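Report on the structure given below.
Because only heavy atoms are used, hydrogens play no part in the values below, and waters and symmetry mates are left out as well, while side chains stay in. Order of listing sets the numbers, starting from 1, for every ligand and every atom in it. In this text, all values refer to a predicted model and were calculated from it rather than measured experimentally.
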Amino acid sequence: MSSVIAQTLIEKTKNFTIEEALAFLVSEYKNKVVFSTSFGQEDQVIAAIIAKNDLKINIFTLDTGRLFQETYDVFHKTIKKYKNEIKTYFPDTVAVEDLLNKKGPNSFYESVENRKECCFIRKVAPLTKALDGNEIWITGLRAEQSENRNDLAFFEYDAHFKIIKFNPLLKWTLQEVQHYIDENNVPQNALHKQGFISIGCAPCTRAILPGEDIRAGRWWWESSHKECGLHQK
Ligand code: SF4
């Protein structure tokens, strides 16, 4: 049923600009529209569009406790510039304490299973809480980011989180994202200029070399399909 709603939304918004599509969602779903930001380039474009158009969209971020200082810097600049309220969700303290007490602070390097356990505690569980009760989840996913994302649609039903995702920048190239940032003086994570394209937790993200896949800097020691459970693609 919800996949049918996603398909209907694709049809209804097919000639809309991003701004029009976001405004339409707010009018249809009121305060059940949320945007998750990790302050990467794509998310910064969406945050700027929301602020510029004064759209009443709830914004949240997940503070895993292992982020780069540069990420906190752009977080701070963003709330100062746009006066956007950004709600922060933290992992459960007891779950993090148990993990560190049992396996130490760097267990994610030891196996994919351990890495997924850490991602579950620090990202997936807080995300589940943040999405609870909402109907539309706006994301900064782009098709170009990985092979897994090639077949994404603008609207998709996420069966895991039981919510409809809207991916407004789906067809944007990285150059288009950067162009919007430069033209609109959007704050961006200083690490992007140092070869970091996709930025997550500090111990699990590195810069990439020219020609490397965009997601190559995430969990680079693994040959898994490089997702943390937030997005299945
Ligand atoms: Fe843990 Fe790394 Fe996942 Fe962050 S990206 S939650 S540090 S495993």
Notebook entry, point to check: When you look for heavy atoms under 4.0 Å from ligand 1, do you find them on the side chain of R115, its backbone, both, or neither?
Noted result: both

Notebook entry, point to check: Is K56 paired with D54 through a side-chain N to carboxylate O contact shorter than 4.0 Å?
Noted result: yes

Next item on the list: Answer with side chain, backbone, both or neither: which part of C204 has a heavy atom less than 4.0 angstrom from an atom of ligand 1?
Entry: side chain

Note to self: Evaluate E144 against K171 for salt bridge (charged side-chain N to carboxylate O under 4.0 Å, His left out), listing each step before the verdict.
What the structure shows: CA-CA 8 Å; E144 189 187 71; K171 305 288 183 203; over 6 Å; no

Check: Counting backbone and side-chain atoms alike, does C118 have an N/O/S atom under 2.8 Å from atom 4 (Fe) of ligand 1?
Finding: no

Margin query: How about CD on E113, more than 12 heavy atoms from neighbouring residues, nucleotides or ligands closer than 6.0 Å, or not?
Written below: no

Margin query: Would F35 and F60 count as a ring pair (Phe, Tyr, Trp, His ring centres under 6.0 Å) here? Give the steps.
Written below: CA-CA 6 Å; F35 164 51; F60 72 86; 8.3 Å; no

Check: At a 4.0 Å threshold, what atoms of ligand 1 neighbour a non-hydrogen atom of R122?
Finding: 1 (Fe), 6 (S)

Margin query: What I want to find out is whether R206 reaches E212 closely enough, with some N-O distance under 4.0 Å, to be called a salt bridge.
Written below: yes

Margin query: Under 2.8 Å from atom 3 (Fe) of ligand 1, is there any N, O or S atom belonging to C119?
Written below: yes

